[in-house]
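Structure record follows, encoded as structure tokens.
Below, all heavy atoms of this structure are taken into account, side chains as well, without hydrogens, waters or symmetry copies. In what follows, chains carry the letters A, B, and so on, assigned in the order in which the sequence lines appear, proteins first and then strands, with residues in each chain numbered from 1.
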Protein chains: 2
Amino acid sequence: MNQPHEPVRAELVAVAVGVLDGAPRVLTTSASQLQLPAGPLREDHRSMQAGLRAWVEEKTGLRLGYVEQLYTFADRDRAGSERTISVSYLGLTWMERGDLDQWVSWYDLFPWEDQRDDGVLRRALEPHLRAWAQAEDAERRVVRCRVTFGLDGIDWHPELALQRYEVLYEAGLVPESPDWRKALPPQIVGPWMVHDHRRIVATAMGRLRAKIQYRPVVFELMPPEFTLGQLQACVEAIAGQHVHKQNFRRIVEQQHLVEETGGTTSETGGRPARLFRFRREILDERAAGGTKLPRTR
Amino acid sequence: MNQPHEPVRAELVAVAVGVLDGAPRVLTTSASQLQLPAGPLREDHRSMQAGLRAWVEEKTGLRLGYVEQLYTFADRDRAGSERTISVSYLGLTWMERGDLDQWVSWYDLFPWEDQRDDGVLRRALEPHLRAWAQAEDAERRVVRCRVTFGLDGIDWHPELALQRYEVLYEAGLVPESPDWRKALPPQIVGPWMVHDHRRIVATAMGRLRAKIQYRPVVFELMPPEFTLGQLQACVEAIAGQHVHKQNFRRIVEQQHLVEETGGTTSETGGRPARLFRFRREILDERAAGGTKLPRTR
DNA sequence: CCCCTTATGCTTGTCTTGAGCATATGATTT
DNA sequence: AAATCATATGCTCAAGACAAGCATAAGGGG
């Protein structure tokens with residue numbers, strides 16, 4: 001029953017996300033090419049998570065806080081070589097100013113994902129999508145584009161990031177597609193990344209956008225004290241959508257996710273805002289819900 | 001930067017689930033010990049999913065339909081040996097009568113998870129949980145038990161199956177705990193399974209229970225034609241909870257998840273019920289929602 | 001002092017959801 | 001044949017969640 005296992009290589013890959021200046025950003029290892037922090041699972045790693053943290057710290061100096069497993073890919077690299085299994089993780093961290101060069105905005109990677117100013121980007125993409133949809137197997141393709149990209153008045157679902165990427169990949173519009181001759185310029189479809197790292201980032205984006213709605217994970221991206229305005233800005237950055245301010249406040253407050261610190265700040269301009277902190281106890285107290293998105297259209 | 005990878009062993013593990021007679025069941029490989037179908041990733045497998053399907057078919061004869069990745073574990077087996085990476089998958093299938101011996105009810109594995117008759121089982125467990133909570137670090141432990149097991153009037157959340165298992169594991173109440181001296185009899189805490197297979201099943205249960213609420217996956221467990229009553233029974237089996245019949249029907253119908261076949265059946269006893277089939281198109285048409293659980297208390 | 005900006009409080013109408021009443025229609029029992 | 005049981009199906013109602021918007025508050029900069 002158990003023939004000997006063929007050995008494989010195990011790789012740990014991190015999508016470390018922080019939010020700064022209205023854009024979520026992904027940590028890359030500084031190199032000529034865009035690539036995620038990664039490294040092999042080693043004998044001395046106590047667990048995969050521990051190994052992942054170690055690699056990220058070694059390669060970028062960042063100590064991750066929140067970490068969760070994303071997905072595991074198996075790639076047959078070059079013919080003949082061992083197979084590599086990549087276990088990817090999503091990590092969240094609070095960003096302060098500085099060292100922006102290692103941090104790539106995920107809207108630079110996926111320009112169409114920011115619906116806060118869909119204008120140019122989506123307009124530039126939509127015709128190509130329609131062309132692809134018409135080319136072959138039209139019925140299915142049209143429906144698929146409509147649903148994933150929210151065309152023709154259908155709702156845009158932020159959490160479908162991976163599915164959108166996959167459409168573009170199949171359509172040959174992104175540079176890493178197998179048939180990349182029709183690939184569009186990076187301002188529209190974003191830059192190339194090593195291996196399948198862009199797919200992994202898209203996976204992370206989808207997961208985070210979904211999770212933010214039913215688990216209080218935004219707070220892992222926030223400083224210890226923050227205003228509700230800043231919290232909202234962070235959620236909007238992640239979701240790539242605007243939310244209704246007053247309703248957002250209502251939800252956050254009535255769920256008792258935060259408590260006032262007593263302080264205020266006027267850094268935000270306008271009327272000074274009260275400062276809040278995350279009530280971390282809530283993680284035990286309840287199967288606490290997340291931050292629904294009261295949409296604004 | 002790239003020291004040579006230390007080789008590891010990659011194992012594929014399947015949690016194949018079907019529903020029969022009001023209980024979800026998990027496929028095991030017939031042996032003296034309870035264990036899940038599993039096998040190493042092989043060179044000739046085109047992908048991990050393909051490999052998984054192949055193993056399940058080889059070991060049990062079952063052809064899986066729907067498959068999704070669950071979680072990846074890394075275990076250091078025995079000291080000195082290579083590390084094993086287990087990539088686990090959830091598979092759903094439609095069960096007909098027969099061959100029940102290979103299929104273990106997940107309420108035999110986790111008796112406390114069936115809240116449709118929580119009576120005896122939970123009563124038998126609760127005192128031990130409270131004892132554990134009091135023993136040490138009481139404040140945290142009490143809250144944790146309350147939340148995960150829904151004690152003291154807090155809502156029971158079906159999808160917290162894994163968290164509940166982990167509490168029992170830490171409390172030493174299940175036979176596979178490192179300190180198993182306090183373990184309770186199998187009628188209360190279920191039987192032992194090979195390796196960490198029971199943890200994997202608990203993961204699958206949590207995932208499926210969560211997913212059923214926001215994606216139409218129940219239908220993967222149903223025959224081509226079914227009555228709404230049967231569909232409801234299937235959902236209740238998965239969730240381990242009763243749902244409100246009329247509201248359940250309302251949700252399913254208004255989401256256009258199903259269409260009438262025109263036929264009826266009186267197999268269910270009582271007034272004959274109309275037959276429906278799943279509108280599979282909906283999987284493309286919308287980011288279709290699942291089957292929320294209109295609770296009944 | 002006026003205006004700009006963001007913060008914060010509150011109202012209103014709509015939609016969703018939980019809960020239950022009432023009736024329909026077959027099989028089974030009396 | 002009538003009563004009874006069991007499930008199916010249709011419909012109503014009230015409470016709560018949610019989208020949207022109005023109005024006021026309180027800083028800073030001209």
Side-chain angles (χ1 to χ4, degrees), chain A residues 21-22 115-116 155-158 213-214 225-237 239 241-276 286 288-297, chain B residues 21-22 155-158 212-214 225-236 239 241-276 286 288-297:
Chain A
D21 295 332
Q115 290 295 301
R116 289 172 298 178
D155 278 0
W156 169 271
H157 287 234
Q213 292 180 74
Y214 63 90
E225 300 196 351
F226 48 84
T227 72
L228 294 184
Q230 290 163 342
L231 182 65
Q232 180 183 350
C234 181
V235 168
E236 288 179 329
Q241 276 191 334
H242 290 294
V243 305
H244 186 280
K245 190 192 294 212
Q246 295 90 325
N247 292 343
F248 177 79
R249 304 170 64 88
R250 176 167 39 97
I251 289 175
V252 172
E253 291 191 303
Q254 88 185 7
Q255 295 210 184
H256 306 291
L257 292 173
V258 298
E259 64 192 356
E260 285 191 58
T261 67
T264 63
T265 180
S266 45
E267 281 174 14
T268 53
R271 170 176 172 178
R274 288 180 296 174
L275 286 169
F276 292 82
R286 285 191 284 125
T291 320
K292 296 248 176 69
L293 311 175
R295 305 230 189 91
T296 217
R297 292 177 223 265
Chain B
D21 295 331
D155 278 359
W156 169 273
H157 287 234
I212 212 176
Q213 293 181 71
Y214 62 90
E225 302 196 348
F226 48 84
T227 71
L228 294 185
Q230 289 164 341
L231 183 64
Q232 180 182 351
C234 181
V235 169
E236 289 179 331
Q241 277 191 333
H242 290 294
V243 305
H244 186 279
K245 189 193 297 211
Q246 296 90 328
N247 292 343
F248 177 80
R249 303 169 65 87
R250 179 174 53 189
I251 290 175
V252 172
E253 290 191 304
Q254 87 185 6
Q255 296 210 181
H256 306 289
L257 293 173
V258 297
E259 65 192 357
E260 284 189 59
T261 66
T264 63
T265 179
S266 44
E267 281 175 14
T268 54
R271 171 174 173 176
R274 288 180 295 174
L275 286 169
F276 293 83
R286 285 191 284 125
T291 321
K292 294 248 178 69
L293 312 175
R295 304 228 189 92
T296 214
R297 291 181 225 263

request  = Determine whether T227(B) and L275(B) make a side-chain contact, defined as any pair of heavy atoms from C-beta on separated by less than 4.5 Å.
outcome  = yes
message = Are L228(B) and E253(B) packed together at the side-chain level, in the sense that at least one heavy-atom pair is separated by less than 4.5 angstrom?
response =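 In short, these two side chains touch, coming nearer than 4.5 Å.
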So, is [X] close to the [N] phosphate, meaning a side-chain N or O under 4.0 Å from OP1 or OP2?
X	N	result
R249(B)	dG18(C)	no
R250(B)	dT17(C)	no
K245(B)	dT7(D)	no

inquiry  = Taking V243(A)'s backbone N and O only, do any of them form a donor-acceptor pair with E236(A)'s side chain (distance below 3.5 Å, no angle check)?
reply    =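 Side chain of E236(A) to backbone of V243(A): a pair is present.
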Interatomic distance, [X] [atom1] vs [N] [atom2] [rounded to whole Å]:
X	N	atom1	atom2	result
R274(A)	dT6(C)	CZ	C1'	14 Å
I251(B)	dT17(C)	CD1	C1'	8 Å
E267(A)	dG28(D)	CD	C1'	14 Å
Q254(B)	dT17(C)	CD	P	8 Å
H242(B)	dG18(C)	NE2	C1'	17 Å
L275(B)	dT9(D)	CG	P	9 Å
N247(B)	dC11(D)	CG	C1'	12 Å
Q230(A)	dT8(C)	CD	C1'	16 Å

Of all the choices, [options], which nucleotide is nearest to the side chain of [X] once you look at every atom?
X	options	value
Q246(B)	dC10(C), dT9(D), dA7(C)	dT9(D)
T227(B)	dA8(D), dG20(C), dT25(C)	dA8(D)
H244(B)	dA7(C), dG26(C), dA19(C)	dA19(C)

ask   = Is S266(B) touching bases, backbone alone, or none of the nucleic acid, heavy atoms closer than 4.0 Å?
value = nothing
inquiry  = Minimum heavy-atom separation for R116(A) and A237(A), please, with both atom names.
reply    = NH1-CA, 3.5 Å
For R250(A) against N247(A), the heavy-atom pair lying closest together =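 Here R250(A) and N247(A) meet closest at NH2-OD1, 2.9 Å.
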task = Kindly indicate whether the side chain of R271(B) and the base of dA6(D) share any N or O donor-acceptor pair separated by less than 3.5 Å?
result =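 By the distance-only test, no, there is no pair.
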